[in-house]
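One-based numbering along the sequence shown. Atoms within each ligand, like the ligands themselves, are counted from 1 in listed order.
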Amino acid sequence: MAERVDIAVIGAGAAGLFASIWAGRHARSQGRSLSIVALDGARKLGAKILVAGGGRCNVTHRAVEKSDYAGSSRNAIGKVLRAFDVPQTIAFFGELGVTLKEEETGKLFPITDDAHTILNALLDATRDAGVQLRHPWRVGSVARLSDGRFVITGQEQPGGEELPTITARVVILATGGMALPKTGSDGTGYGFAKALGHTVTPVVMPALVPLVLDARSFVRTLSGLTVPARLEVRSGTGKKLCSFTNSTLCTHFGLSGPGPLDISRYYFDALLVDPGAGLYINWSPGVTGEELDRLLIDKRAQSPVSVLTSVPVSIPERLARALCFEAGVEGNLRAEHLPRESRRALVTMTTSMRLPVAESRGYTYAEVTAGGVPLSELHLGTMCSRVTPGLYICGEICDVDGRIGGFNFQWAWASGYLAGKAAAGAVG
Ligand SMILES: Cc1cc2nc3c(=O)[nH]c(=O)nc-3n(C[C@H](O)[C@H](O)[C@H](O)COP(=O)(O)OP(=O)(O)OC[C@H]3O[C@@H](n4cnc5c(N)ncnc54)[C@H](O)[C@@H]3O)c2cc1C
C-alpha cells in the first residue's frame, strides 16, 4: 500500500528546501494542515550549500539583474526573480537569526563566514514549517496517474532495502543540474521531467567551469599567478560577443578564478554555432593594444619588461617576462631596439592573446549547469508546468544559470519560493 502525501518535493538542495519551507508556511497561513515530504538521495543534506563560496556560502548579491543570467529568455528569468528579491532574501534569513554582510564585490555572506549557518537555518525552517525531510531517499521514477496523482518510487538502496512507494497530489521537482555530481545532483531529474512530458534543452553543459588549456601553453607554467584580466569571446569573423573583466588565476591545467568561470559557458556556447569562435585575454584590462603600442614607442629608453610592469600596464614581472619570451622579444633590451613586428607581437600577446582552450574541466569542477527545462514550459508566476498539471519545477534543473556572486542561489530562492507557495495553494 502506497503512502499518500499532499506534496512531495524531490530534491532537498537550496531550491527544494526553500520550496518546502514556503509550501509549509503557506498552508499554515491558510489554517490548513498538509502532509509535505522532501525526499533527497543524499546521506548528508546540503553538500552544495556547504561547499558554496569556499565554505562561506555566497547567499546572494546586492544587485541581482536578469542580465546576470543566461539560458531561457532574460525577461522570463527577470519575472521569476522579481517575485522574491534580494531584500526579501535578507529579511528571510534575518528572521531565522542569520545576519548577512555585504562585501566590496557586492556578494552577501553570513556574518559567521560559515555555510553551516545557512544550511542549519534552512533545515530548521523546513522542519518548523511542518515538512518531513527524508534522506537518503533516492527517487527512481515519477509518473502521473490517470486520477492526476503522482506515484513516486524509490531507487533500490545499496543494502537492498526497498523504499516505500509514495503517491502525491502535487510534485515539486528540484533535483538540480549536474555540477558536482558527487553531491547527488547527477541529472536524473532531467529524466523525470522528460517522463512527465517536458523537454530539456538540446545542450546541457558545465558552466562556471575552469578552462583547460593546451598542454604546450605557457600559461600553464605560470601556475599560482592571479591577475585582473579581461576575457572576451569573439566570433570566427572577430566580432566581440561577450566579455568579463575579473580576477584570473593561472593554474597547472589552464585558467580558473571568477573571470574564466564567468566566461566559460559563453565561450563553449559560441563554439557550438561557430567553430571559429575564440577566447581572447587582455592581461592588462585598462590598457588597449593601441595604448600599449604607443607606450612602447614613447618609453623607448625603457626595457619592454619595465614598460609592462610599470603603470599603467602594471602586470607582474613573471608574466611580463613570459609574454616577452612568447612574443620572441628580448625583455631586457631598450624598447627602441624592438623591430616593429616584435613590438606588435608583444602588444597582441599582452592585450589580445587568443587562448588555446582544449576543453572545460567538466561537471566535477563546475559550479552550475547551463541548459535544462526551458522556462517557456512553465507558468512563471507559479513555476507550475504548462504540460503536466500538479507538477512544479524550480532551481538549477531549469534552463537558467547565473554568473559568480550569489546569483545561482538567488535563482534557487526565488523559483523555490514561487513553486512552494503555489503548490500549497493548489492542494485545495
Ligand atoms: C563548488 C560550488 C560552489 C558554489 N558556490 C555558490 C555560491 O557561493 N553562490 C551561489 O549563488 N551559487 C553557488 N553554487 C551554485 C549553487 O550551489 C547551485 O546553483 C544551487 O545549489 C542549486 O540549487 P538546487 O536546489 O536547484 O540544486 P542542488 O543544490 O544541486 O540540489 C539538488 C538536490 O536534489 C537531490 N537529488 C538529485 N537527484 C535526486 C533523486 N533522483 N532522488 C532524490 N534526490 C535527488 C540531490 O541530492 C540534491 O540534494 C556553487 C556550486 C558549486 C558546485
### Query
What part of Ala174 sits under 4.0 Å from ligand 1 if we count only heavy atoms: the side chain, the backbone, both or neither?
backbone

### Query
Does ligand 1 have an atom under 4.0 Å from some heavy atom of Trp411?
no

### Task
Report the part of Ala179 (side chain from C-beta onward, or backbone N, CA, C, O) that has a heavy atom under 4.0 Å from ligand 1; answer both or neither where that applies.
neither

Side-chain polar contacts of residues 164-185 - donor-acceptor pairs under 3.5 angstrom, sequence neighbours left out - could you list them?
{"residue": "Arg169", "atom": "NH1", "partner": "Asp6", "partner atom": "OD1", "Å": "3.2"}
{"residue": "Thr183", "atom": "OG1", "partner": "Leu180", "partner atom": "O", "Å": "2.7"}

#### Entry: Beyond-backbone contact of Met353 with Trp283, side-chain heavy atoms, under 4.5 angstrom
yes

### Task
Evaluate the side-chain proximity of Pro260 to Leu249: yes if any heavy-atom separation is below 4.5 Å, no if none is.
no

### Query
Which atoms of ligand 1 sit under 4.0 Å from any heavy atom of Gly11?
33 (C), 34 (O), 35 (C)

#### Entry: Proximal ligand 1 atoms for Trp137, defined as those under 4.0 Å from one of its heavy atoms
43 (C)

Tell me which donor-acceptor pairs under 3.5 Å the side chains of residues 11-25 have, and how far apart each pair is, sequence neighbours excluded?
{"residue": "Ser20", "atom": "OG", "partner": "Gly16", "partner atom": "O", "Å": "2.7"}

### Query
Would you say Gly187 touches ligand 1, if touching means a heavy atom closer than 4.0 Å?
no

### N/O donor-acceptor pair under 3.5 Å between Glu291 side chain and Thr288 backbone
yes

#### Entry: Ring-face cation contact, Phe253 with Arg361, 6.0 Å cut, 45° max
yes

### Message
Give me the atom names and distance for the closest heavy-atom approach of Arg321 to Val305.
### Response
NH1-CG2, 3.7 Å

### Query
Backbone, side chain, both or neither: what part of Thr60 comes under 4.0 angstrom of ligand 1, heavy atoms only?
neither

### Task
Compare Val368, Thr188, Leu261 and give the one whose heavy atom is closest to atom 38 (N) of ligand 1.
Thr188

### Summary
Among Asp401, Asp40, Ile393, Val9, the residue with a heavy atom nearest to atom 47 (O) of ligand 1 is Asp40

## Note on the structure
Closest non-hydrogen contact found for Arg56 with Glu103 is NH1-OE2, 2.9 Å

### Task
Give the numbers and elements of all ligand 1 atoms closer than 4.0 Å to a heavy atom of Phe192.
41 (N)

### Message
Please determine whether any non-hydrogen atom of Gly406 lies less than 4.0 Å from an atom of ligand 1.
### Response
yes

### Query
Heavy-atom contact under 4.0 Å between Ile49 and ligand 1?
no

### Message
At less than 4.0 angstrom from any non-hydrogen atom of Gly53, what atoms of ligand 1 do you find?
### Response
5 (N), 7 (C), 8 (O)

